[in-house]
Amino acid sequence: MYAFYSLLVYIFYSVFKKEEEGALEGEGPGGATAKEPGHVSMETGSRRRSGHTPSLRRRGCGKLSDSTSSSSSDSDGLSLSDEDDGCDEEPGVIASTPLAAFLSFKQEAEKRKASHDPLEAGGKVAESPLLAVMTHLLSFLEQYSHLQQMQQQAERYRVQLKRHRAQHRRQVKALRASYRQRLRDKSSVIDSLEEAIAQQQSPLLEPEGECGPAPGAQGGLHKLVESLCGLQGERSQLRGELRSLHTQLEQKDQDRHSRVQAFQQQIDELQHCIKEREEELARLRTESGVTDSEKRVVCLLAENESLKQSLSVTQGLLQQLSVIPSQSSSVLLQENETLRSRVQQLESSLQQRGEQLSRLERRSEQAEWRRGEELRRREERLRELQLELDKERGKEPTVKYVTQTVEVESPSTLRQLAEAKERNERLAEKLSNQNEKCRELEELLKRSDRVTANLQHKIAAYEVEIGKLREELMKEIGHLEERKEEAVKAAAECSEHQMHSLQEQFIGLQKRLAALPPTLRSMKTDYASLRSQVRNFSDFYGAALSDAKKQLSAVISEMSEANKDLLEKYRKEVALRRKYHEQLVELKGNIRVLCRVKPVLKEDQQDEGQAVVVTTDPNNESALTVMSKGKGRTFELDKVFHPQATQDEVFQEIEPLVTSCIDGYHVCIFAYGQTGSGKTYTMEGTVENPGINQRALKHLFSEIEDRKDMWSYSISVSSVEIYNEILRDLLTARSWAQGHEVRSFQHIKKILAVARRNRITFGTQMNQHSSRSHALLTITVLGTDLATGAKTTGKLNLVDLAGSERVWKSGAEGERLKEAQNINRSLLALGDVIQALRGRQTHIPFRNSRLTYLLQDSLGKGNKTAMVVQISSLERNVGETLCSLKFAQRVCKVELGPAARKIETAGQCENFS
Ligand SMILES: Nc1ncnc2c1ncn2[C@@H]1O[C@H](COP(=O)(O)OP(=O)(O)OP(=O)(O)O)[C@@H](O)[C@H]1O
């Protein structure tokens, strides 16, 4: 809008100036004084000082002006110079042309304004201070043009009056002259006649007696008297005519006087009218600020107001922008934060899912590999059996069916896993994009802060500049006021001069308007650009925010969709996994024998020269070789952990069995080996590196959490130790184990710490090493299917057996001997149970020891068992190592048959094998 009105003013000024110059050029040399408004002003000043009235000189009518001014003072100075000075052109024509152009321009502008959007025309435009000033200016111009026309009309009247007056005077003068001449002629005739009469009468006046009148002279006298009488009559007639002429002249004078009076009245009226117009003009000028200073003040005040308004708008905008972190922005930031945290949650859940999937994948691969291995083994075994059976009868092994099933289903699982992984990667990519967006938004916020600071700085600079300008203006106003007073004084001398001055001021005003202070204009431009920048920025910012929001919501919805899919997939995966798990465990055999080789620690290296006699094969995870007496003996087990194997790797192997427990199976995991071989380390671990017990419980809780939509579970634990065939509860210090319900993993951690402490305490009280007792941690998992109401009971026995060293070697005596004997007895009982199971005997001697008695429901047929054989790799322990490995191989040959799930449906406990 500012640009538009600046353009309007500029156009107006250009049009006016052009036409003015054109008009003045058309006037010839006389118009040179009015070509340049500034020049006129200067000349006017000089003329004012010299006491001349410039009046119409600027229109090239100097002569007329001079004669007019002199006519009022000197009636005899009347001349026809006004007819000869070339001022036949209408005075108003020159001035009205640019004005008419301007008015037509204004009409055009009004039409344009009317054709604009009514809202803008009535609202924004009307509100603009510059427009108000422009409106005042236009109305003033209208008034001014009208006034000029009236003045021109008065001027025309005055010129006509002068012409009439001069003409009349000339006529009266001529008449007077002719009458005087005629009167003089008549008087001279009368004088000559009177003279003649007097000459004629002189002889007659001589005494009559002396000579007496002659008869001829008497007749001539009569004739003369008659002619005299005639002349006298004629004279009286002429006098009468003269009187009548005088009367006529008087009447004409009266007429003239009355006409002069009428003209004077008209002139007075016009002057009154002019005065009124001038007053009105003055009022308008005061209102709209016609003079340079006033106009500038008004303009600048209006500009100032508008700048203030804009400033407040900008400040509001800036506040909005700056308030973003506190109000609306805080909401946005909160939203952002929420979204980000949500995204992070989703990311972490995705990561978890990804990890789970990768774990599944890994496990599946491992399972695949193991299955292959197992199949190979089974096939070998089958071949062996086949050879044996071929002799008696040919029977198709059932393993083939399993193999086929697995082979058929395995690729689809892998494909699903690969798809899920791919989807995960895609989502992760999207999430990273969103994070990028968030970062961009933060950048935008920072930029907005910078722009805000910049704007505030500029606004402050503008305010300072405005203040300076205002001061300058105030000074100028004071100066102009003085000049105005002078001008008013001068104007009192001559209204035309005032008009001229006004016109000069008006031209000056136009000039000033056209040439607004460049600083102000640059300020306006800067300000407009800044405003547009801010507006653009806020638009851009809003657009970016909404875009980011949309993208975030799209990603979130997509993720939730993907999550749904993932959940569905996961459920299927769980079902599949259970299925594969069962198949895997069955394939592996429900009794698994793992061997962990203890690394050589610093304390083990005390005896120098102790060689490492146990070697593992990196290409064969099921075999290890023990060097004894120069011979190497290889042992084949289900899995051999090399000395550097981590706790997690060990647990990965155990994890399927732990999962089986949740599914309703009874599982027993025990660590077997000589003292100091790492049984406790494997089962309990350390605080920093927990072992199977803690990891199994963590896995249980995590699995339960995953299945909470389908199953509800309750977990209870008991922890006991068997020392010298006496059972002790490590949680309550009572003699019999009781179950403690646990609610969370943190809770179980506390329970485990209590058990460890009590075990140590009991050991200290009895002066016994903890490894002299068997420690049992029993976890019972009761599950309820939320859909069917079926209940499962899983049990997980985690056993840290006492050391299996030989009594003779330990050199124990007394209590130690008794301990060792008890340990050996219980371990032998365990061996017997294993032997009976291996031999598929109908009677399994579980009751031979407390240990086997406690483990009977997890160790027997239909259950799942894993034994971790801990061995030392040092030469001095080779005998114990060989014993442990032989025992492990025996256990390896045990077949527990298909595992049975303990599930209770319709109030009955059933075993499904
Ligand atoms: N794989 C291993 N890595 C690191 N340290 C181990 C490892 N196995 C055992 N140890 C360390 O060896 C020492 C003996 O281990 P641990 O007490 O577990 O043996 P143990 O078989 O339980 O003996 P005991 O029957 O006397 O209790 C401990 O300090 C343990 O930290």
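Note that the numbering runs from 1 along the sequence shown for the chain. Only a predicted model underlies this, so the values are computations on that prediction, with no experimental measurement involved. In each ligand, atom 1 is the first atom listed, and ligand 1 is the first ligand listed.
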Legend entry - Flag, side chain of His774 to backbone of Ile722, donor-acceptor distance under 3.5 Å: no
Inset, instruction - Would you mind checking if Lys679 and Glu684 are paired as a salt bridge, meaning a charged N to carboxylate O distance below 4.0 Å? - result: no
Legend entry - Shortest reach to atom 3 (N) of ligand 1 by a heavy atom, considering only Ser872, Pro599, Gly691: Pro599
Inset, instruction - Any atoms of ligand 1 less than 4.0 Å from a non-hydrogen atom of Lys598? List them with their elements. - result: 8 (N), 9 (C), 10 (N), 12 (O)
Legend entry - Lys679, any N or O under 3.5 Å of ligand 1 N or O: yes
Legend entry - Residue portion contacting ligand 1 (non-hydrogen atoms closer than 4.0 Å) for Leu601: side chain
Inset, instruction - Say whether, by atom type as modelled, one donor and one acceptor occur between the side chain of Gln647 and the main chain of Asn689 under 3.5 angstrom. - result: yes
Legend entry - N or O pair under 3.5 Å between Ser677 and ligand 1: yes
Inset, instruction - Give a yes or no on whether a salt bridge exists between Glu621 and Lys639, defined as a side-chain N under 4.0 angstrom from a carboxylate O. - result: yes
Inset, instruction - May I ask whether Met683 places a heavy atom under 4.0 Å from ligand 1? - result: no
Inset, instruction - Please confirm whether Pro643 comes within less than 3.5 Å of ligand 1 when only nitrogen or oxygen atoms on both sides are compared. - result: no
Inset, instruction - Could you tell me whether some N/O pair between Gly678 and ligand 1 is separated by less than 3.5 angstrom? - result: yes
Legend entry - Close-contact set for ligand 1 against Gln674 heavy atoms, below 4.0 Å: 21 (O)
Inset, instruction - Calculate, to the nearest 0.5 Å, the distance between atoms CG and NZ belonging to Asn693 and Lys749 respectively. - result: 13.5 Å
Legend entry - Note: Asp663-Arg707 ion pair, threshold 4.0 Å (strictly below): yes
Inset, instruction - Report yes if the side chains of Lys864 and Cys668 come closer than 4.5 Å at any heavy-atom pair, otherwise no. - result: no
